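What follows is a short report on a single structure.
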Amino acid sequence: MRDLFSLRGNTLSLKTKVRLLRLAARYTPLLELLRLKVRFSNGYRPHDRVSTEFYVWMMKHLYGSPAHRIVWANIFVPSELFWGLGLIPFYPEVGAAAAVGLGLAPKALEWADEMGVPRDLCTFHRVLAGLAGKDLFPQAGAFVVVNFPCTVAGQVLASEAFVRGSPFFTLDLPSSADDEAVDYLTSQLEDVAYRLAEISRMRYSKGRMREAIRLSNQARAYAVEAMELRKATPSPIRGSDMIGHLGMVIYLFGSRYGVEYYRMLRDYIARLRQEGHTEQEHQRHRLYWMHLKPFYQCDLFHLLENERGGVIAFEEHTAVWWEPLNEEEPFRSLARKMISHPSNGPVERRIEKVLKDVEDFRVDGVIHFNHWGCRQSQGALSVIRRRLRQEGIPLLELDGDCADQANFQEGQVRVRLEAFLESL
Amino acid sequence: MPRRLGYVSSYFPKEIALAMGYVPVRVMPAGVDVSQAEGVLPRNFCAYLKLVAAALLEESDSWDAVIILEEDESHRRLGDVLKELLPCPVITAELPLRTDEMGVGRFASVLKKLVASLEDGADPLSADSLAEAISQYNRLRRLWREARQRWLNAQLSTMEYHRLRMTALTSHPAVAEESFQDALSDVGESPPPSASGVMLIGGNAVKKPLLLMVEDAGLRVAAEDSDADEREFLGEIPIREDVATALHDLAHAYLNKPPSPRLCNPHARLAYLKRLMDERGVKGVVVSYYKFCDLNLAEYPLLARKFREWGVPSILLEEESYALSGQNRTRLEAFLEMLL
């Protein structure tokens with residue numbers, strides 16, 4: 001992602017960036033140039049090349065394909081569903097994060113204000129609403145949302161679908177994980193799949209869905225290996241960078257790019273370990289990062305990693321949490337994957353996952369980034385705090401905003417971060 | 001002492017609790033001290049649910065059970081937090097988003113599990129006790145519908161109607177029935193209302209200070225789209241001879257009550273609001289939501305856009321507490337003057 005959006009930080013005006021983005025999306029030779037630049041330049045890691053190629057492919061297809069082949073979804077709807085139907089998923093929340101990286105957030109938030117989007121909502125969704133309102137996102141043939149763990153996404157996308165006159169489907173995610181709950185979600189997934197196939201005029205093909213599940217499993221196997229390799233001390237790669245690759249977890253499972261990306265990532269980490277190298281030389285404290293990070297430019301990670309030697313050994317949201325999928329029962333498998341997400345259901349599930357990761361990655365402390373407006377990640381933070389304290393695991397809660405720099409108090413964050421690292 | 005069951009959601013079929021020997025009490029916080037809740041919930045957490053938490057914690061020993069239906073992620077996380085703090089059982093239960101037969105079936109199954117969780121120390125649920133509870137609430141709902149009509153005809157004051165509504169939601173249905181009967185026996189004939197009608201849109205309920213301000217300005221509250229009024233289920237539920245069918249009926253009735261923002265169904269929601277506005281002659285809309293209440297707030301831009309298209313002025317007031325802030329009071333005064 002960083003390659004595609006490496007326009008950030010330069011002196012181009014916002015207007016120019018928006019124009020370039022639109023041009024790039026509509027005139028594929030520009031995208032080709034970008035792809036070639038990444039492919040043949042030094043300094044790009046192998047998996048970065050794959051992610052860039054994937055995003056270039058996506059831009060071409062999202063802006064170049066007929067609307068009925070594009071489905072908007074929120075990030076908790078599994079991408080295998082769309083790849084398996086031969087459709088192109090567009091996750092506008094990922095689009096919003098990319099726009100933040102490009103420096104578009106202040107303008108998008110201004111547009112959202114003009115549209116009357118309340119300021120207390122999650123800033124990702126405000127950025128999303130602003131960009132969608134200005135027609136910067138691709139067309140949509142249909143919308144699919146799942147109501148948990150992020151409730152507001154469903155509301156925002158329901159309004160967007162209404163305004164565009166597009167079909168809108170909701171998946172009702174049960175919190176319990178029993179067979180009855182799995183049956184309930186499986187039926188909904190089947191129903192949505194057949195209706196999407198109808199809308200997109202793509203005949204449902206069992207073979208194609210099976211292929212998507214197979215690719216997802218292959219990518220998963222590499223991702224699990226990469227996770228295992230990251231347990232090493234010193235930590236081979238920078239976790240802060242991996243949080244920026246969250247889009248890969250959301251988009252790639254079920255596609256060929258996913259297999260390639262995770263294979264490259266695994267090989268890269270293995271090679272670093274073999275050669276005795278690490279991405280971060282100065283490593284004093286091993287940390288576990290919960291929730292997301294600021295997607296705009298700020299000094300947070302420079303301070304944490306380079307100045308203070310804190311290394312993010314692993315992060316909550318890039319983990320593989322699900323069991324391998326079953327090609328013969330694609331919808332049931334996807335239902336199980338969705339239901340078993342650690343952020344779904346009671347907070348105990350999330351706590352169990354954190355405690356396991358803390359042990360597996362042998363971290364010294366945990367940092368929870370409190371993104372302004374995110375109720376699902378912070379609502380039960382007092383329970384998480386108490387449990388971690390009982391286990392003797394230090395926790396730092398950093399208040400901030402992943403999308404709106406105005407809500408990020410750099411001085412305060414610096415003081416709190418330094419105090420926390422000293423206490424470790 | 002009757003056992004008190006506090007519940008947080010207008011989708012909870014209170015007949016179940018009554019049939020099991022509880023007095024179901026909707027948690028309707030007003031002037032509570034939120035400091036204890038502030039300590040356990042994030043700063044930017046739904047201000048209404050924070051008040052709910054404060055109200056439950058303030059009287060923590062007076063509850064025998066608390067039920068929270070997971071209307072959204074904030075409700076779910078509130079349940080996680082209260083489970084650690086309240087001495088009584090706190091039961092969280094899924095609330096399906098779908099209102100079709102698939103969703104109803106799921107909700108009936110959730111209710112069956114909820115009954116099992118409540119059974120400890122309570123009366124077992126039988127077909128007879130459930131039928132009796134349903135029939136009691138059916139009677140109360142009939143009276144409530146009549147009271148609403150009298151209020152719309154200006155035969156019952158807004159404050160009186162508000163009091164009756166509150167009693168219906170927080171007392172034993174027999175007590176509420178008596179209150180309604182007393183109030184309805186006193187009403188006389190009066191000319192139909194002439195003042196311009198204002199529709200109030202709120203989350204759980206529209207605050208009393210807001211109702212008072214509208215009426216003090218010489219306007220009439222023509223409709224209240226909230227979980228304590230128009231979105232409260234006021235229909236009839238059939239009496240059945242077996243528990244499973246009765247639970248299915250309850251699930252169907254409550255899930256299919258007038259549409260709330262949580263359904264993510266703008267078509268149904270806007271059609272319902274338009275019908276209400278046309279039927280009641282609404283000239284302006286006051287939307288009053290608690291801060292950080294995503295479920296309601298996320299819908300607002302679309303509502304505002306449609307109100308503009310329909311030529312009906314609207315205003316959004318966001319509040320952190322039960323009282324109206326000075327700034328919102330001034331904004332509201334200006335808005336109401338415009339409608340006069």
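No experiment lies behind these values; they were computed from the predicted model shown.
In this structure, the portions of A:A181 lying under 4.5 Å from any heavy atom of chain B include both its backbone and its side chain. Residue contact with chain A, scored on non-hydrogen atoms closer than 4.5 Å, involves the side chain of B:R76 exclusively. Contacts between A:D178 and chain B at a heavy-atom distance below 4.5 Å involve the side chain alone, from C-beta outward. For chain A, no part of B:L78 is nearby; none of its heavy atoms comes within less than 4.5 Å. Looking at A:E180, the atoms closer than 4.5 Å to chain B (heavy atoms on both sides) sit in the backbone and in the side chain alike. For B:F292, the parts lying near chain A are the backbone and the side chain together; criterion is any non-hydrogen pair under 4.5 Å. Residue contact with chain A, scored on non-hydrogen atoms closer than 4.5 Å, involves the backbone and the side chain of B:E70 alike. Heavy-atom distances place the side chain of B:K306, and not its backbone, under 4.5 Å from chain A. Interface remark: B:L297 contributes backbone and side-chain atoms alike to the contact with chain A (heavy atom separation under 4.5 Å). A:D191 touches chain B through its side chain: at least one heavy atom from C-beta onward sits under 4.5 Å away, while N, CA, C and O do not.
Scanning both residues, A:Y184 and B:M102, for their nearest heavy atoms gives CE1-O, 3.6 Å.
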With side-chain hydrogen bond (donor to acceptor under 3.5 Å, both in side chains) as the criterion, how do A:S159 and B:E299 come out once you've worked through the C-alpha distance, each side chain's angles and the decisive distance to 0.1 Å?
CA-CA 7 Å; A:S159 295; B:E299 179 202 49; over 6 Å; no

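Salt bridge A:D120/B:K291: present, at least one basic N to carboxylate O contact under 4.0 Å.
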